[in-house]
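The model shown is predicted, which means the values in this text are computed figures rather than measured ones. We name chains A, B, ... by the order of the sequence lines, and we start the count at 1 in each one.
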4 protein chains.
Amino acid sequence: MVRNSNGRSSPDRRARRAVATREAILRAAAGVFRNRGFAETGMREIAAAADLSPGNLYYYFKSKADILYFCQDHSVNRMLATMKHLGRTQPSAEQLRQVIAAHLLCTLDELDGAAAHTEVESLPADLRRKIVAKRDRYERAVRRIVAEGMTRGAFVDGDPVLTTRAILGALNWTTRWYRPGGKLPPQAVADAFANYLVRGLAA
Amino acid sequence: MVRNSNGRSSPDRRARRAVATREAILRAAAGVFRNRGFAETGMREIAAAADLSPGNLYYYFKSKADILYFCQDHSVNRMLATMKHLGRTQPSAEQLRQVIAAHLLCTLDELDGAAAHTEVESLPADLRRKIVAKRDRYERAVRRIVAEGMTRGAFVDGDPVLTTRAILGALNWTTRWYRPGGKLPPQAVADAFANYLVRGLAA
Amino acid sequence: MVRNSNGRSSPDRRARRAVATREAILRAAAGVFRNRGFAETGMREIAAAADLSPGNLYYYFKSKADILYFCQDHSVNRMLATMKHLGRTQPSAEQLRQVIAAHLLCTLDELDGAAAHTEVESLPADLRRKIVAKRDRYERAVRRIVAEGMTRGAFVDGDPVLTTRAILGALNWTTRWYRPGGKLPPQAVADAFANYLVRGLAA
Amino acid sequence: MVRNSNGRSSPDRRARRAVATREAILRAAAGVFRNRGFAETGMREIAAAADLSPGNLYYYFKSKADILYFCQDHSVNRMLATMKHLGRTQPSAEQLRQVIAAHLLCTLDELDGAAAHTEVESLPADLRRKIVAKRDRYERAVRRIVAEGMTRGAFVDGDPVLTTRAILGALNWTTRWYRPGGKLPPQAVADAFANYLVRGLAA
DNA sequence: TATGAATGAGATTTCATTCAT
DNA sequence: TATGAATGAAATCTCATTCAT
């Protein structure tokens, strides 16, 4: 292990290591949650997947729900970030296509998508509220694109709420059947879904 | 209470009651599973929802997983029945529209949809195999409609597997946000989804 | 069903039937206890073996332990009866030989031996005391034969208590390995055991 | 308490403690099984006897049956070891006498004999097979001594199978009546039994 | 920071027994 | 007498969490 001259790790080196461990735990946890569900996953499994002892997890997170919370927070943050960088002046169809692709690539990625939008019910009330609030913000952002497209005449008329939920459902459900590492690359799914789901709105 | 001549309640009256109780348990369980997920739901809750003592559940089902199995079996059976009665000579669009509507009405219905397609992972291997087999049969049937439409030229070309999964994802995800008893009737969801999801395929 | 002129079974016919049912239950229970042990045997199994409903057992016996008690009582009574009819003037060796044979034939018989000497621990204190008292009376009777033989000089000297326990152990342990209905007849076991166990004492 | 330079208890000290705890549990369990039988013994009782919390038992053994298995395995291993060190050139009577004594001393000892040969029925099929296989190997070894003695003319003729079972029955049944800690030392039982049981075979 | 061990609450499940019919 | 259904207490087992080291 790298140490500085006085024989101990320097404080920021330590801090960096701690952050790295936290992320490793989240990545490991996300993988197990995805495969077996939150409630069916034990702390021991998470610990094993992260190559730590069970007790040690509690040095980095204060509860199992806490781990889930940070998984979901990480994921929803990334999705919100996508929205921020979206060119809102492009054609609605193009915007929607980009959102769908980004959402899927993120969902099908190991760490991010894992338990992302799923299993909010397992969180205690306070954490759940936070996640739900962000998730709703994201959903509203998608809805805005859909509604705007309808107003502009770029999309056929319809109920923006229900249409948005149909889209997000198709995207989120992928976690149920997509197996990373198979021969179907995430990008292929993203393309096919974007084509189909955008065409359903094209005027 | 009706009795027959020998002073005991007649066997078939009893049998009918037993069947009714079984169904009541399934209905109750389905509701709780939907709200809280299989793993987070305790037998106590199911029992309370069905107005029985926890131990008494085991007179009707041999395990918690068994209850889930019968919920799912009931649901997937109903969906397969739908496919059987579908007029396969109608235009592909019409067929797909009907399947979508039927799937949704069933999914959003109290008893049938609850844990319908969800949570197969929680079943022990043998029961899971049975459900997965039926579910796959159903998915193949939907896919056939999609593929046929593409061949006939009624639908635009695309990957029938991925398209079908997008459709089923949109439909199944409804269990996550739809709250029965609210002001949005299932039929409204069915119409909006059918419109959107069929239009995405229309040539 | 046979009934007398007034259309009902006569009282003593009824009583006889009740006794027959009780015995049928004991026989059935003895068989199941022997195969699976008292604690591992459920009332439902006893009921099934006796071709009755579980609830109905309680019309004939007031508890599961009660059934075990009557099984054991029946068995130990039969053994005590053997002792009573034993010619105490015969040579000690002959007496012992007869006791061993009778004990084994009774033990290996379906009903009698089943849970005979075993599982006294499972009885509640009051019933246990009764059985243990009778069992001890029986053991003392066997011991008297052994001790008398030693006094008379018919048997070699030794500790009558330990010798008797060795004999009874050999006999009782047969329930662990003997399977009724096999090709080894109880009489063959009785002969071999009597030969061996008596010869060990012969002066 | 001894610590090594890094301030934690050393791994092998821990390992030794863990092994000690496992053995303490086995000893405790053996005692309770002997007194009350496997099925009637609760994990709470074992835990209490071992001075641990019930849940903690599962850190060392994965089920109640597992505990029973290791009790029996320990015991049957010890008996097989006895056979291995037996001088097969000695007179048959001497060999048998030694086996009987060793078997009894082991059976009447606290840890080893407790549930030794008893209660195999309570094990799940896979564990039962293992124990039964070893137990049968042991029985065959005893039988070989008996049969050899008959062939050599050292023992009177007879059925070696039944004779061996009579001997083992007498020995195993001791667990039912022998109370360790009383005034009868195991050696006294061993002597009396060996005398009696060998004499029954002496030509 | 890290670990193995311990705990306590709670989960599912079983089962003798009772009850209404 | 007989039955199917119901109950309540207890059993085994799991598991997130904590603790001593």
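- At a threshold of 4.0 angstrom between heavy atoms, the contacts of D/Thr41 are confined to the sugar-phosphate backbone, with no base atom among them.
- Look at the C1' atom in both E/dT1 and F/dT21: the space between them is 13 Å, to the nearest Å.
- What separates CZ of B/Arg22 from P of F/dG4 is a distance of 16 Å, to the nearest Å.
- Nearer to the 5' terminus of DNA chain F, by closest-nucleotide assignment, is the contact made by D/Ala39 (compared with the other of A/Ala65 and D/Ala39).
- Checking the phosphate oxygens (OP1, OP2) of E/dA6, a side-chain nitrogen or oxygen of D/Tyr60 falls inside 4.0 Å.
- Atom CD in A/Glu40 sits roughly 11 Å away from atom P in E/dT12 (whole-Å rounding).
- The phosphate of F/dT3 has OP1 or OP2 within less than 4.0 Å of a side-chain N or O from C/Asn56.
- Of the possible donor and acceptor atoms, one in the side chain of A/Arg128 sits under 3.5 Å from a partner among the backbone N and O of A/Glu121.
- Counting non-hydrogen atoms under 4.0 angstrom, C/Ala18 reaches nothing in the nucleic acid.
- Atom pair B/Arg36:CZ and E/dA11:C1' shows a separation of 13 Å (rounding to whole Å applied).
- Here C/Arg36 pairs with C/Glu45 in a salt bridge; the nearest charged N to carboxylate O distance falls below 4.0 Å.
- Close to E/dA2, at under 4.0 Å from its OP1 or OP2, lies no side-chain N or O of A/Tyr59.
- C/Ile46 places its CD1 atom 13 Å from the C1' atom of E/dT17, with the value rounded to the nearest Å.
- Each of D/Ala15 and C/Gly42 lies near DNA chain E, and the nucleotide nearest D/Ala15 is the one positioned closer to the 5' end.
- The separation between B/Asp66 atom CG and E/dT14 atom P is 11 Å, rounded to whole Å.
- Partners of A/Phe70 under the ring pair (Phe, Tyr, Trp, His ring centres under 6.0 Å) rule, at least two apart in sequence or in another chain, are A/Phe61.
- Using a 4.0 Å cut-off, some side-chain N or O of A/Arg17 falls inside it from OP1 or OP2 of E/dA2.
- Toward the 5′ end of DNA chain E lies the nearest nucleotide of B/Lys64, the other residue of the pair C/Lys64 and B/Lys64 mapping further downstream.
- Summarising the geometry, the separation between CZ on D/Arg44 and C1' on F/dC13 is reported as 11 Å, rounded to the nearest angstrom.
- In terms of modelled atom types and a separation under 3.5 Å, the side chain of C/Arg44 and the main chain of C/Pro54 share no donor-acceptor contact.
- Applying the 4.0 Å criterion to OP1 and OP2 of F/dC13, one finds that D/Tyr58 has a side-chain N or O inside that range.
- For the pair C/Glu45 CD and E/dT14 P, the interatomic distance rounds to 13 Å; values are reported in whole Å.
- Note on C/Ser63: only backbone sugar-phosphate atoms sit closer than 4.0 angstrom, heavy atoms only; bases stay farther off.
- Remark: P of F/dT3 and CE of C/Met43 are 14 Å apart, rounded to the nearest angstrom.
- Put simply, the side chain of C/Arg14 and the base of F/dT1 share no donor and acceptor less than 3.5 Å apart.
- Residue A/Gly55 is classed as a base contact, given a heavy-atom separation below 4.0 Å to a base.
- The closest donor-acceptor contact from the side chain of D/Lys64 to the backbone of D/Thr41 lies under 3.5 Å.
- Using N1 to N3 plus N6-O4 or O6-N4 for Watson-Crick, or N1-O2 and O6-N3 for G-U wobble, each under 3.5 Å, E/dA16 pairs with F/dT7.
- With hydrogens and angles ignored, the 3.5 Å screen pairs no side-chain donor or acceptor of A/Ser75 with any backbone N or O of A/Cys71.
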